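This report refers to the structure that appears directly beneath it.
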Amino acid sequence: MGTHNHHHDYNFSEQYTFAGTAKVFSLVAIVLGIAAVAFGMLSSEHIIVERTYANLLLMGYYFTCVCAAGAFFVALQLVTQSAWSAGLIRIPQAMASILPIASLVLLVIVGLGLYTHNLYHHWHAEGLTDPNSPNYDALVAGKAAFLNVPGFLIRQILFMGTYSIFAFILAKLSYNEDLQGGLTSYKKGFKLSAIFLVIFGFTTPIWSFDTIMSLEAHWFSTMFGWYNFAAMWVSGLCVITVILILLKKAGYMAWVNENHLHDLGKLIFGFSIFWTYVWFAQFMLIYYSNIPEETVYFYKRFEPEYKLWFWLSIVINFVAPLLLLVDRDAKRKQNAMLFVAILLLCGHWLDYYIMVMPGTVDTERGFGIVEVGTAIGFCGLFTFLVLSKLSKHALAPKNHPFLDESLHHQI
């Protein structure tokens, strides 16, 4: 076919220049976000302050999850020795590199939330664990060995710290490979990834129990960790897809073609269905066993304030990708994929919203300056950090052992 030597047409040392519109937009978004948060924090109404904290938690968690998903993607590709992704691996690497910053942001948010009693007040309020107090709560007292502030913060620091260290080193090894060549970096990355995936797999459920599930401390679900993992993974894949398509539209990454996009599309399609499977398993088991202490979670979400959003979340996160991505051609078209990825990112924001709000602001939920502003601010921060990181290195890992195979990837 004469495909050999084909890759000499590509400029593997090309670097992304982070300037112009992208930079201006992300900085403006950050300023808007700060303004919205300040507006909420300085409000004289307590409920708006609480809503601001709830939104900060939602977006801080989302931000950290997407970066962690980037690290997970990189580790997964190394352990499975995948070749298809070699050409686009710099995108998830950039996401993984900023996980330490995302983790710090989330840590500050949960720390302030605990300190001001605006978050986690279901288990962190005066007298809940004191039998002589009028506020005594036997259920919370029973969980106090796990749900206490020192333990909570230590776990947050341990988990996010470990993920951050691994994420940072995995990205660093790939950048080193560019300079040194050889297989040393790849083999080190392989070993580290194997360790990281085991740690990540066992600790992310506990991390989501702490960060999100403990907002409603009476209720628990053993499916919750996988439900959150599925949401994190789908969101991460969508972000990788959005960045990839926008870079291609700007004329970069010519070596990535519709075959690679097709693979990302299949992953998004498959894991949207996996997300639904976990969602349904959690919902159905609680629904048909009808045990009061379990149904309370969905009872709250069936209140008129949430019911529409509750069902809309299923439509956006399951029905939409199912119908829009089932066709082979759709997964190979940039615009179709861009649309679905952005739609799913909004859908998973809604998913997190339904997880966070009933346990923080209860029925006083709102949708306004605070919600939109916080989301825009975090999008700006994420874009700014990821694109700054992306612009520091070549967009192709030119010494990646499987780069050549990635160029000839066809499905």
Side-chain angles (χ1 to χ4, degrees), residues 33-34 36-38 40-41 46-69 71 98-126 128-129 140 143-165 167 200 203-220 224-225 227-229 231-232 235 348-349 351-362 365 370-371 373-375 377-378 381-382 385:
I34 293 170
V37 170
M41 289 290 188
H46 179 62
I47 191 67
I48 297 199
V49 177
E50 252 189 331
R51 240 175 77 191
T52 312
Y53 270 99
N55 278 290
L56 280 171
L57 177 69
L58 191 166
M59 283 313 294
Y61 180 65
Y62 202 165
F63 177 29
T64 313
C65 279
V66 165
C67 296
I98 61 166
L99 181 59
I101 303 172
S103 301
L104 275 173
V105 171
L106 183 56
L107 195 63
V108 169
I109 294 169
V110 296
L112 281 172
L114 282 167
Y115 179 70
T116 59
H117 289 275
N118 280 311
L119 293 172
Y120 307 111
H121 44 70
H122 283 227
W123 58 268
H124 173 53
E126 293 303 310
L128 285 177
T129 52
V140 173
K143 299 180 185 191
F146 184 83
L147 277 185
N148 54 72
V149 176
F152 181 92
L153 290 173
I154 288 168
R155 283 192 302 275
Q156 289 284 357
I157 292 166
L158 260 180
F159 293 160
M160 293 199 289
T162 312
Y163 305 159
S164 295
I165 291 164
F200 191 76
T203 56
T204 39
I206 306 169
W207 180 52
S208 66
F209 291 164
D210 273 349
T211 318
I212 302 292
M213 196 168 84
S214 77
L215 288 168
E216 292 164 77
H218 285 175
W219 180 82
F220 66 91
F224 197 82
Y227 169 46
N228 270 258
F229 170 76
M232 166 200 305
S235 311
H348 281 290
W349 179 86
D351 182 31
Y352 286 137
Y353 182 84
I354 295 162
M355 280 188 228
V356 169
M357 294 301 161
T360 46
V361 295
D362 210 16
R365 70 158 200 92
V370 178
E371 281 72 18
T374 314
F378 271 94
L381 180 62
F382 177 81
L385 292 169

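Keep in mind that the numbers below use all heavy atoms, side chains included, and drop hydrogens, waters and symmetry copies. Small disclaimer: the values here were computed from a predicted structure and weren't measured.
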* To do: Output the distance between atom CD1 (Ile34) and atom OG1 (Thr374), rounded to the nearest 0.5 Å.
  => 11.5 Å
* Start with the C-alpha distance between Phe229 and Ser208, add both sets of side-chain angles, then the distance that settles side chain to side chain contact (heavy atoms under 4.5 Å, CB included), and finish with yes or no. => CA-CA 8 Å; Phe229 170 76; Ser208 66; over 6 Å; no
* Donor-acceptor side-chain pairing of Thr211 and Gln156 below 3.5 angstrom -> yes
* Within a strict 4.5 Å, meaning less than it, do heavy atoms of the Val356 and Tyr62 side chains meet? -> no
* Would you indicate whether the side-chain heavy atoms of Leu153 and Leu114 approach each other to under 4.5 Å? => yes
* Asked: Is there a side-chain contact between His218 and Trp123, using heavy atoms and a 4.5 Å cut-off?
  -> no
* Trp207 ring center near Tyr61 ring center (under 6.0 Å) -> yes
* To do: Please report the shortest heavy-atom distance between Lys143 and Ala217, naming the atom on each side.
  => NZ-O, 2.8 Å
* Asked: Do any N or O atoms from the side chain of Thr52 and from the backbone of Val37 form a donor-acceptor pair under 3.5 angstrom?
  -> no
* To do: To the nearest 0.5 angstrom, please state how far the CD1 atom of Ile157 sits from the CG atom of Leu104.
  => 9.5 Å
* Asked: Among all residues two or more places apart in sequence or in another chain, which pass the side-chain hydrogen bond (donor to acceptor under 3.5 Å, both in side chains) test with Ser164?
  -> Ser103
* To do: Output, in order, the C-alpha distance, side-chain angles, deciding distance and verdict of ring-ring contact (aromatic ring centres under 6.0 Å, His included) for Phe146 and Phe209.
  => CA-CA 11 Å; Phe146 184 83; Phe209 291 164; 7.9 Å; no
* Please step through side chain to side chain contact (heavy atoms under 4.5 Å, CB included) for the pair Ile98 and Phe63, ending with a clear verdict. => CA-CA 10 Å; Ile98 61 166; Phe63 177 29; 4.1 Å; yes
* **Pairs flagged by salt bridge (Lys or Arg N to Asp or Glu O under 4.0 Å) wherever residues 151-164 is involved - sequence neighbours left out** => Arg155-Asp210
* Measure the spacing between OH of Tyr53 and CE of Met41 and express it to the nearest 0.5 Å. => 4.0 Å
* Structure fact -> Nearest heavy-atom approach of Pro358 to Ile354 is CD-O, 3.3 Å
* Heavy-atom pair with the smallest gap, counting every atom of Gly40 and Val370 -> CA-CG2, 4.3 Å
* To do: State, to 0.1 Å, how close Thr64 and Ala102 come at their nearest heavy-atom pair, and which atoms those are.
  => OG1-O, 3.3 Å
* Side-chain donor-acceptor contact under 3.5 Å, Tyr163 with Thr204 -> no
* Asked: Between His117 (side chain) and His124 (backbone), is there a donor-acceptor pair under 3.5 Å?
  -> yes
* **Nearest-0.5 Å distance, CG of residue Leu147 to CG of residue Leu128** => 11.0 Å
* Asked: CZ/Phe382 to CE/Met59 distance, rounded to the nearest 0.5 angstrom?
  -> 10.0 Å
* **Contacts of type side-chain hydrogen bond (donor to acceptor under 3.5 Å, both in side chains), residue Glu371, not counting sequence neighbours** => Arg51, Asn55
* Parallel, tilted or perpendicular for Tyr227 and Phe224, by the 30°/60° rule? -> perpendicular
* Between atom CG of Leu385 and atom CD1 of Ile101, what is the distance when rounded to the nearest 0.5 Å? -> 4.5 Å
* For the student: nearest non-hydrogen atoms of Gly60 and Ile109, plus distance -> CA-CD1, 4.0 Å
* Asked: Mind checking whether Tyr120 and Val110 have side chains closer than 4.5 Å, heavy atoms only?
  -> yes
* **Stepwise side chain to side chain contact (heavy atoms under 4.5 Å, CB included) test for Leu56 and Leu119** => CA-CA 10 Å; Leu56 280 171; Leu119 293 172; over 6 Å; no
* Asked: Do you know the tightest heavy-atom contact between Gly359 and His121?
  -> O-CE1, 4.0 Å
* Asked: Do Met160 and Leu99 have side chains that get closer than 4.5 Å, going by heavy atoms?
  -> no
